[in-house]
Amino acid sequence: MFQQNASEGRRPTWVEVSLTRLSQNFRALRHYLSPDTRILSVVKADAYGHGSVLVARTLVEAGTDQLGVALAEEGVQLREAGISIPILVFGGCWPGQESLFLRHQLTPVASDMNSLQRLAAAAEAAGTQLAVHLEVDTGMGRLGVSPRDIVPFMEKARQLPSLRWEGLMTHFSCADDSREELTHQQLVRFTEVMRTLEERGLRFDIKHAANSAAILRFPASWFYMVRPGLLLYGYYPQNCAGDPLHVEPILQWKTRVALLKEVPAGVPLGYGGTSITARHSRIATLPVGYHDGLSRALSNQGQVLIRGRQAPLVGTISMDMALVDLTDFPDARAGDEVILLGTSGDFRITAWDHAAIRNTIPYEVLCNIHPRVPRLYV
Ligand SMILES: Cc1ncc(COP(=O)(O)O)c(C=O)c1O
């Protein structure tokens, strides 16, 4: 069994996040947008698995105007780490969280009267005003007030004097879809709602809609502010052809060969014996499994990189271990670095490669890397 000196005391399976590349991706985006378009960087879900505090700090230094999270708890974590720029909470306010929003100056996105009334009461009791963004459901069918209800909703909501209507937003369901007309329809609905509310004297300073795909494909959706997530982490969503703005993945996922065994032909490997050696083989055991986020769907399908070349994952991936066929790597040794996601020599394995095998999207691949895998920042 190989012992790694540099990281004594822990299993040699880790993620490396390049904060330099993150800043570069942010700067590329900044350069691509019109100079007066503000940027809200999406760092929810632990910054898509990259680690929200250091990612957020880097983005603040790089010049992001706001941060976006899903939960108040995620916003509190950033505040406690000393981050002071505006933080928008997409998921709104759950009962009992009102004081968190006030104490930590988090901005809720509102879609329902009940949470607005609770927030308004808490702000009034604290003798203060709370900034709020209103979400319009233009076609996602998830959060947000439907356009047909928006007028009566706002007539009621504007009577809560302790709330300040700072932002109006919507979220696209199909900005990365080949059917562009769906996003155009959402955009039309959003601008109609904007006009209807303005005619009634309701102006929102901050209008925003665009996620990464809309930033790349629908400049008309940039409005006052955009909300990139995936792009900052170095990936294009699907159907975003060309390279109008160059970004690079900021995360590499690595491990080391724990054990290297000579195995005769005809030997079944792993649970269920789903792979049987066709020849005398060299089989490496890696200390990483599906609990870490290396999906079982990659069993006998995925590749890893070692010594600048690709090697196949063989057998069924187990909870904490996986096997790789290194028969064509006579120089490979226990302790060799193995790249699960990242670059080695001329080869690269991306979250898109895993996503294609798993029938999912890179978002899920990145978010699924379990917290027990330490994140190292380079
Ligand atoms: C409300 C909202 N805005 C923006 C984003 C960022 O999306 P993307 O990572 O595709 O840029 C998300 C992420 O899902 C979101 O929920």
Side-chain angles (χ1 to χ4, degrees), residues 22 25-26 28-30 32-33 37-50 52 55-56 59 64-75 86-93 106-112 132-145 166-178 182-183 186-187 190 204 206-219 221-240 244-245 247-251 350-352 355 360-368:
L22 174 63
N25 291 346
F26 181 88
L29 174 64
R30 179 65 282 163
Y32 171 74
L33 294 166
T37 307
R38 309 293 202 278
I39 302 177
L40 175 150
S41 299
V42 178
V43 295
K44 63 178 182 169
D46 204 25
Y48 293 27
H50 295 71
S52 64
V55 162
L59 291 166
T64 192
D65 298 281
Q66 303 209 8
L67 295 166
V69 295
L71 314 177
E73 294 90 317
E74 295 174 333
I87 298 177
L88 193 62
V89 181
F90 299 148
C93 175
L106 304 173
T107 308
V109 173
S111 318
D112 74 288
V132 177
H133 289 218
L134 174 69
E135 179 161 357
V136 187
D137 180 7
T138 56
M140 181 77 171
R142 202 172 64 171
L143 294 177
V145 179
E166 181 185 79
L168 186 69
M169 68 170 275
T170 195
H171 192 46
F172 295 124
S173 59
C174 301
D176 62 353
D177 196 293
S178 55
L182 298 173
T183 302
Q186 282 196 262
L187 259 175
F190 190 49
F204 298 82
I206 306 181
K207 292 157 191 143
H208 51 110
N211 55 4
S212 294
I215 289 170
L216 293 168
R217 299 178 70 207
F218 303 95
S221 72
W222 292 357
F223 298 108
Y224 180 91
M225 183 166 84
V226 295
R227 302 192 308 263
L230 194 67
L231 258 182
L232 295 171
Y233 305 108
Y235 285 98
Y236 270 28
Q238 62 187 348
N239 288 311
C240 294
L245 116 85
V247 292
E248 286 281 332
I250 70 166
L251 177 150
T350 70
W352 266 118
T360 182
I361 50 175
Y363 301 75
E364 190 179 7
V365 172
L366 296 170
C367 290
N368 278 175

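Counting starts at 1 for both ligands and their atoms, in listed order.
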| query | Could you walk me through whether H208 and R38 pass the side-chain hydrogen bond (donor to acceptor under 3.5 Å, both in side chains) check? | reply | CA-CA 9 Å; H208 51 110; R38 309 293 202 278; over 6 Å; no

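Contact check for L143 versus V109: no side-chain heavy atoms found under the 4.5 Å cut-off. Taking the side chain as every heavy atom from C-beta outward, L216 and P244 approach each other to under 4.5 Å. Under the 4.5 Å side-chain criterion, counting only non-hydrogen atoms from C-beta, L231 is in contact with L245. Side-chain contact between S173 and L182 is absent, with no heavy-atom pair separated by less than 4.5 Å.
Distances between N or O atoms of A213 and those of ligand 1 include no value under 3.5 Å. Ligand 1 has no nitrogen or oxygen under 3.5 angstrom from a nitrogen or oxygen of M169.
Among the candidates L59, I250, I39, the single residue satisfying the side chain to side chain contact (heavy atoms under 4.5 Å, CB included) test with L232 is L59.
Atom 7 (O) of ligand 1 has as its closest protein heavy atom N211 CB, 3.5 Å. The protein atom (non-hydrogen) at minimum distance from atom 16 (O) of ligand 1 is K44 NZ, 3.0 Å. At the shortest separation from atom 4 (C) of ligand 1 among protein heavy atoms lies R227 O, 3.4 Å. The closest protein non-hydrogen atom to atom 10 (O) of ligand 1 is Y363 OH, 2.5 Å.
Taken to the nearest 0.5 Å, the CG atom of L22 stands 7.0 Å off from the OH atom of Y233.
Annotation: salt bridge (Lys or Arg N to Asp or Glu O under 4.0 Å) contacts of D177 (sequence neighbours excluded): R179.
The atoms of ligand 1 that sit less than 4.0 Å from any heavy atom of P228 are 11 (O). Taking every heavy atom of L230 and a limit of under 4.0 angstrom, the matching atoms of ligand 1 come to 8 (P), 9 (O), 11 (O).
Under a 4.0 Å heavy-atom criterion, V42 is in contact with ligand 1. Under a 4.0 Å heavy-atom criterion, Y48 is in contact with ligand 1.
Under 4.0 Å from ligand 1, the heavy atoms of H171 that appear belong solely to its side chain. Residue contacts with ligand 1 for S212 involve both N, CA, C or O and side-chain atoms from C-beta outward (heavy atoms, distance under 4.0 Å).
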